[in-house]
Peer 1: 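Pasting in a structure now, in structure tokens, and then I'll have a few things to ask.
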Number of protein chains: 2
Amino acid sequence: MKLQQLRCIHEVVKNGFSISKAAEALHTSQPGVSKQIQLLEEEVGLHIFIRHGKRLVGLSEPGQHVYQRINEVIREIKSIKQVSEEFSQSSLGVLTIATTHTQARYKLPSVVQAFMSKYPDVKLNIHQGNPTQVTDQVVKGEADIGIATESISHNDKLFCLPCYTWNRCLVMPAKHPLAKEKTVTLAKLATYPIITYDYAFTGSTIVSKVFHDAGLTPNIVLTAIDADVIKTYVNLGLGIGLIAQMAYDSKRDQGLVSIDVSHLFPTSTTYLGIRRDVFLRGFMYDFIEMFIPEYPKQVVKKLMLEQENI
Amino acid sequence: MKLQQLRCIHEVVKNGFSISKAAEALHTSQPGVSKQIQLLEEEVGLHIFIRHGKRLVGLSEPGQHVYQRINEVIREIKSIKQVSEEFSQSSLGVLTIATTHTQARYKLPSVVQAFMSKYPDVKLNIHQGNPTQVTDQVVKGEADIGIATESISHNDKLFCLPCYTWNRCLVMPAKHPLAKEKTVTLAKLATYPIITYDYAFTGSTIVSKVFHDAGLTPNIVLTAIDADVIKTYVNLGLGIGLIAQMAYDSKRDQGLVSIDVSHLFPTSTTYLGIRRDVFLRGFMYDFIEMFIPEYPKQVVKKLMLEQENI
DNA sequence: GGCTGTTACGCTTCGCGTAATCATG
DNA sequence: CATGATTACGCGAAGCGTAACAGCC
């Protein structure tokens, strides 16, 4: 068994079962990839891919198991390279952060700026997605650090640090009738058309649970992945926005007013998650400390060790 | 980077930093291994091994990190082969059980016998060790299944199933003064010389904790890894044995009497542990069911899935 | 017929084995 | 001087690229 064979399979799956694309990604020829896959399939004695004629269309059942392992192998290999980069004193490197729009837009910019000036040779990637995607990317090793709320802390493979707590607020045009009210109740809120995050009502998230427990059905007229889009539609008068507190800025969001609704919903906690078993480069620890000063390298290391064996 | 290079490093470390031994284990030549290691070290740009002259004597600090990753890679590769063996309908295979002497001697024999007659082509290995070693072997992938008490369930990487509960008993020669007592107290027990398991008093195990909490210091005169050895010395009159209930057999252990002391110690639970992220072959599920009929394949799978994301 | 994967073939490289050399205790 | 690691060298295999061929939509 050769590493190259595993890389081939990995890339083929990643590229939607296209051998040609995989070959390109691997900087090699199409026939080479084809051959390697066949060799591995021959060696393990089973078809990893499902083929329609000559075209690959999916993973066979054993193939799915094999692919899981291969993914882990590729991750570890990447990790080995990180170790080498770290110890060869190289200031070069890559840091990939997976996070939600709210973080990327309102919390990270200052941190990112500081980080980039301290580590000019580190390439910084920010992958955006909903909390589930963020968790996934970190688990798969596609991102080094994930920053998101709630669900990221529900995964065994991840080590999570609570960063800060926050709650929600409403945003609406200044002339909106609700803007004059002193206190908003859940019942009243449910009578207005609401625009909010699209993942807030998929699965059993906090917001949907609160309404459900109160026996109310909110009138969600529109959902979006990020607060900027939500605010845009709020400005158009399509509804009132239910967003994270930190996504409202009275200066920037002229024409909109915000009403705190932290009495209606439990506070949420934003977590930073990393894979437990991954090698962390110095600058990764540093990024964490820049983001949350309470967690310098030594503290993070200690916390991770403590969790390793209960 | 080549798999063979990783295998070389893995074997060299496993064989006490001997390139010659590693070469033998890999069925290849000494120079070949030497070369591959150099190539990898060159590629990652750092020395993985510490050398005294030409002899390898240990892992450098970066080397330790690298070695951890390599270990995982090797494990995954092994796992891929297991997948292939499983799906190619092969009845061939290897099942390695890590367990303590008590299990191996008193609980497993009937299970092993049944397993071997059902799967004559599966090679069965039993690794013996103390609970810590058992846990380690499963974590490292050197064993597929670990069966031990307590500490095995304290590891994040392992999925554990409670098997049964048990407690302790005393064994002593029939003519021993304590044999006439109706009930043994902890205080009285502490006045006699005791022979017990050697790991029962390392770390914060249940037995040592019970004595400590009572403000007593037991008089441990001798410790051994297994109950058979303990009983041998008890027979010689060197002390009374404190062993697991299931390790006493009134027929086999003629000349010894046992006194139940389950009122003095909390019950212990024996767990069966497997790595969460490993591929389990059909016969492995079957072994688990043979050992604990309450856990057939479907139940085990369901429990593992439930634990994956809380 | 355009896209995509497989087969064919030749070149180059790389891994591995043997033998010789070197360092160390 | 004996053990164990490195260097040297030659053979054979394997990976890869180009080109030609074959199945689908």
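Values in this document were obtained by computation on a predicted structure and should not be read as measured data. The figures here come from the full heavy-atom set of this structure, side chains too, leaving out hydrogens, waters and symmetry mates. Reminder, nothing fancy here: chain letters follow the sequence lines and each chain counts from 1.
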Peer 1: Using whole Å, what does the distance between atom P of nucleotide C:dT6 and atom NE2 of A:H47 come to?
Peer 2: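 Going from A:H47 (NE2) to C:dT6 (P), I get 11 Å.
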Peer 1: Can you check each nucleotide of nucleotides 7-22 of chain C against protein heavy atoms at under 4.0 Å and return B for base, S for sugar-phosphate only, - for none, in 5' to 3' order?
Peer 2: B-------SSBBB--B
Peer 1: At 4.0 Å (heavy atoms only), tell me whether B:F49 reaches a base, stays on the sugar-phosphate, or touches nothing.
Peer 2: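 It contacts nothing in the nucleic acid.
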Peer 1: So B:L95 and B:I145, do their side chains get closer than 4.5 Å, heavy atoms only?
Peer 2: yes
Peer 1: With a 4.0 Å cut-off on N to O distance, would you call A:D228 and A:R105 a salt bridge?
Peer 2: yes
Peer 1: Reading DNA chain D 5' to 3', which nucleotide is the first, and which the last, to come under 4.0 Å of any heavy atom in chain B?
Peer 2: D:dG4 to D:dT7
Peer 1: May I ask you to say whether B:R75 pairs ionically with B:E72, meaning some side-chain N is under 4.0 Å from a carboxylate O?
Peer 2: yes
Peer 1: For A:E41 and C:dG5, what is the distance between atoms CD and P respectively, to the nearest whole Å?
Peer 2: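 A:E41 atom CD is separated from C:dG5 atom P by 14 Å.
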Peer 1: Under the rule for side chain to side chain donor-acceptor pair (under 3.5 Å), what residues qualify as partners of B:K123, not counting sequence neighbours?
Peer 2: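 Counting only residues at least two positions away or on another chain, B:K123 forms a side chain to side chain donor-acceptor pair (under 3.5 Å) with B:N125.
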Peer 1: Starting at atom CG of B:L56, determine the distance to atom P of C:dT24, rounded to an integer number of angstrom.
Peer 2: 13 Å
Peer 1: Determine yes or no for a side-chain-to-main-chain donor-acceptor pair under 3.5 angstrom, with B:S84 supplying the side chain and B:K81 the backbone.
Peer 2: yes
Peer 1: Any donor-acceptor pair under 3.5 Å linking the side-chain atoms of B:Y119 with those of B:D286?
Peer 2: yes
Peer 1: Would B:T135 and B:N155 count as having a side-chain donor-acceptor pair, cut-off 3.5 Å?
Peer 2: no
Peer 1: Are B:K78 and B:E85 ion-paired here, with the side-chain N under 4.0 Å from a carboxylate O?
Peer 2: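 So B:K78 does not pair with B:E85 through a salt bridge.
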